Structures are given as structure tokens and as C-alpha cells.
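Since this is a predicted model, take the numbers as computed values, not measurements.
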Amino acid sequence: MKWQGRRKSTNIEDRRGQSAGGFGGGGRGISPMLLIPLFRLLFSKTGLIIVAVLALILFLTGTNPLTLLQQFVGGEPQYAQSTDYQPSPEEQALAEQTAVVLADTEDVWNKIVQGYREPTLVLFSDQVNSACGLASSATGPFYCPGDEKLYIDLSFFGEMERKLGAEGDFAQAYVVGHEVGHHVQKLTGTMDQVNAMRGQLSQTEFNQLMVRVELQADFYAGVWAHHTQKAKGVLEPGDLEEALNAASAIGDDRLQKQATGRVVPDSFTHGTSAQRVRWFRKGYETGDVNQGDTFNATEL
């Protein structure tokens, strides 16, 4: 993929080398702007009740009560920057490439989705706090609809290559395109409709619904790739195959087979390798968002 020297998105939040977990990045200090409302709250009658409840939550769940208290008072989580954090040249190149890919998604989706809100991509290392909760690098890249941000630990791309055999810069671009696809689902209302069904379906039925969500995000990644190639001609020989190989590598059936030696279709949440390849390819070949209705498709 030709990414060097091209526009990089400015919607990047770099938290690499930071510790996450609430106030001051895991207890390294409380933001001075929060001290006054905190003291007023804690020394009121209501505050004493809240403290008792938070202490009970800590005892029962292990959740950091400071994080919850901060959410009650308001304000963004604070992060402690590690001043000695220095990314390797390879990691920094990945960060720059990811910023270029995000810029390409902005160019495409701003034209397709009316009133498109560009998401922020958060780069982190080890663990990160989002509106969806605390997540570790083991979670893999994810999109949080609560704050409309994409979260990626760049070390995932190395793991994807070593453990899954999904290598290449366009395989990495596909991952970003897929997560942006979830953002498109958020903006178009699809994600809210799916979440509203959560309590109305059995776990197996909801898993099947989630498969359709993920396959549509794969389709949207293909749509992005189609329009980016048409407008900028950035794909090089073998790039499309890299993305298709990555889609195949993270199919539920393949991952389950590798992990346990058996496949349990009722537990699928992302789709089989063949399904993921099919929907990404369909998006790439058509470039037409109207052909990505996975929810009414009779065949996935």
C-alpha cells in the first residue's frame, strides 16, 4: 500500500506509554480541577452514602471506586504520561501508516454518509480506559460507541502476523477499515437497534445477530477500500490478497479450530472465514453501501 508522504489524520489520540484506570492514570494523582467538587460531595450527607456504596462495589467486584466517583462528578479520565516511552522505528512507522489509513476513511465516509462525524483513533499500549470500560491489549482493536473512538495497540499487528499469518500493510489497513465500519453503524443507527434487541433474544440468537453486525463492518471496510483505490490508486500488487487473507485468518471457525481443535457455530460472533472474505470482497467489488444489508441477507 502506498502510504508514505500522504495526508495523516489529525484525529489521533496518542496514549502510548500512559497508564489508565481513572484519576491520574491509576492513582498517580487527582486532577486539581476535580478536588473542590469532590470534597463538597464527600463531606455531604449524600457523599457519605455514595462512599459507602462505592466501598461495597469495590468489595464485591474489585472495580476502582475512584473511577466510578469521577464519572459521577464529571470530567475526563486522567492519564499519566510515561516520559521515557520511546516507540521503536517500526512502531512509529505503523502509527504513521495508521494515521494515513484513518485519513483515507475520512475522505471516503465524509462523501458517503451525510453529516459524518470523524471518529478519533486512540493508540495505546498494554491497557486503556474507554467509555466502554478498561481493556487490555489482549482485547485487540475495538470500537467504543460510547465515545465514538477506535482503540488500537499497535503490537496487535505483530501478533496478527506471527500467530495468524496475516501479514502486510493492507491487512493492517483492513483492521482499521473494519473498526471504522462499526463507527458508520453507530452513525446510521444500526448499532443502537442491535443493542435494543439484546434483552429480547437468547444468547445464541444474539450471537447470530452479532455475526451480521461484524460482517457488515467487513463489507464497509471493502467499500472504503474500493473508493480509496478508485480515487487514489494506492493499492499495490498483492494488497487485496493481504486483506482477504486477514479476513479469513480471523474467522470464528478458524480461530476456534486453532484454539481448541473444535468448532462451535452457536458461539460464533464474527462469522466464518468464508463469510468474512465474502462480505469484504462484495464491498470492495461494488463500492455500494446499499448492497451491505447483512441483516436481511438470506445467505451470509
Side-chain angles (χ1 to χ4, degrees), residues 1-4 6-16 87 90-110 112-113 116-125 128 130 135 137 139-145 147-161 164 166-187 213-229 231-232 234-236 239-250 270 276-277 279-280 283-284 292:
M1 178 183 180
K2 302 172 186 176
W3 63 267
Q4 292 92 341
R6 298 204 293 114
R7 182 179 80 85
K8 302 182 184 69
S9 173
T10 57
N11 295 311
I12 302 289
E13 190 176 327
D14 194 345
R15 298 188 199 169
R16 290 176 294 172
E90 294 78 12
E91 181 185 336
Q92 194 55 33
L94 271 178
E96 293 177 9
Q97 173 193 320
T98 301
V100 170
V101 172
L102 184 63
D104 285 342
T105 67
E106 294 164 355
D107 293 342
V108 170
W109 291 111
N110 270 307
I112 295 177
V113 178
Y116 183 71
R117 293 191 302 272
E118 297 175 355
T120 296
L121 190 150
V122 179
L123 299 177
F124 73 97
S125 53
V128 69
S130 74
S137 298
T139 305
F142 67 95
Y143 171 73
C144 177
D147 53 24
E148 297 188 0
K149 294 181 179 182
L150 292 66
Y151 293 83
I152 295 179
D153 184 331
L154 295 171
S155 66
F156 170 80
F157 293 134
E159 294 291 307
M160 189 171 72
E161 179 176 342
L164 302 178
E167 59 184 1
D169 51 12
F170 203 63
Q172 297 153 3
Y174 153 73
V175 172
V176 178
H178 174 90
E179 297 306 329
V180 172
H182 285 311
H183 180 61
V184 174
Q185 291 174 319
K186 162 68 176 179
L187 297 184
V213 170
E214 296 295 334
L215 293 180
Q216 188 178 65
D218 282 332
F219 173 83
Y220 285 155
V223 169
W224 156 73
H226 170 97
H227 288 283
T228 296
Q229 175 63 4
K232 304 177 182 180
V234 298
L235 298 190
E236 299 175 301
D239 278 347
L240 180 59
E241 288 73 20
E242 289 175 358
L244 293 173
N245 179 54
S248 176
I250 54 180
H270 287 68
R276 302 201 70 168
V277 167
W279 282 97
F280 175 83
Y284 180 78

Assess whether salt bridge (Lys or Arg N to Asp or Glu O under 4.0 Å) is satisfied between Asp153 and Arg16, documenting all intermediate values.
-> CA-CA 8 Å; Asp153 184 331; Arg16 290 176 294 172; over 6 Å; no
Closest non-hydrogen atom pair, Trp279 against Leu215 = CB-O, 3.6 Å
Rounded to the nearest 0.5 angstrom, the CZ-CG distance for Phe170 and Asn245 is 13.0 Å
Would you kindly say whether Gln97 and Asp169 are connected by a side-chain donor-acceptor distance under 3.5 Å?
-> no
Might you point out which heavy atoms bring Ser137 and Ser125 nearest each other, and give the distance in Å?
-> OG-C, 4.1 Å
Test ring-ring contact (aromatic ring centres under 6.0 Å, His included) applied to Tyr116 and His183, step by step = CA-CA 10 Å; Tyr116 183 71; His183 180 61; 5.6 Å; yes
Does the side chain of Tyr143 come under 3.5 Å of the side chain of Asp147 through a donor N or O and an acceptor N or O?
-> no
Roughly how far, to the nearest 0.5 Å, is OG1 of Thr105 from OH of Tyr220?
-> 14.5 Å
Okay, side chain of Glu148, backbone of Thr120: is any donor-acceptor separation there less than 3.5 Å?
-> no
Do you know the tightest heavy-atom contact between Ala103 and Arg7?
-> O-NH2, 3.0 Å
Spell out, as yes or no, whether a donor-acceptor pair under 3.5 Å connects the side chain of Ser248 to the backbone of Leu244.
-> no
Hey, what do you get for CD (Glu96) to NZ (Lys8), rounding to the nearest 0.5 Å?
-> 5.0 Å
Would you say the ring centroid of Phe280 lies under 6.0 angstrom from that of Phe219?
-> no
Candidate pair Gln172 and Thr98, rule side chain to side chain contact (heavy atoms under 4.5 Å, CB included), full reasoning = CA-CA 8 Å; Gln172 297 153 3; Thr98 301; over 6 Å; no
Heavy-atom distance under 4.5 Å between the side chains of Lys186 and Pro145, does that happen here?
-> yes
So do the side chains of Phe124 and Glu13 get within less than 4.5 Å of each other, counting heavy atoms only?
-> no
Distance-minimising heavy-atom pair for Leu102 and Asn11 = CD2-O, 3.6 Å
Is the closest side-chain heavy-atom distance between Arg6 and Met1 below 4.5 Å?
-> yes
Decide yes or no for Tyr174 and Asp218: does some side-chain heavy atom of the first lie under 4.5 Å from some side-chain heavy atom of the second?
-> yes
Is a side-chain donor-acceptor pair under 3.5 Å present for Glu214 with His178?
-> yes
Which heavy-atom pair separates His226 from Gly283 by the least distance, and what is that distance?
-> CB-O, 3.9 Å
Which of these, His227, Gln229, Lys232, sits in a side chain to side chain donor-acceptor pair (under 3.5 Å) with Asp104?
-> Lys232
Is it true that Glu236 and Lys2 have a side-chain N and a carboxylate O under 4.0 angstrom from each other?
-> no
After noting the C-alpha distance and the side-chain angles of Gln185 and Val213, does the key distance pass the side chain to side chain contact (heavy atoms under 4.5 Å, CB included) rule?
-> CA-CA 8 Å; Gln185 291 174 319; Val213 170; 3.6 Å; yes
Does any N or O in the side chain of Arg117 come within less than 3.5 Å of the main-chain N or O of Leu187, such that one atom is a donor and the other an acceptor?
-> no
Do Ser9 and Glu106 have a side chain donor and acceptor closer than 3.5 Å?
-> yes
Tyr284 ring center within less than 6.0 Å of Trp224 ring center = no
Going by heavy atoms in the side chains, are Val122 and Leu150 under 4.5 Å from each other?
-> no
Can you check whether Val100 reaches Gln4 side chain to side chain, under 4.5 Å on heavy atoms?
-> no
Mind listing the closest non-hydrogen atom pair of Trp3 and Ala93 along with its distance?
-> CH2-O, 3.6 Å
Go through the steps for Ile152 and Phe142 under the test side chain to side chain contact (heavy atoms under 4.5 Å, CB included), then give the verdict.
-> CA-CA 7 Å; Ile152 295 179; Phe142 67 95; over 6 Å; no
Flag side-chain contact, heavy atom, 4.5 Å: Glu242 against Glu167 = no
Side chain to side chain, Leu121 and Tyr151, heavy atoms closer than 4.5 Å = no
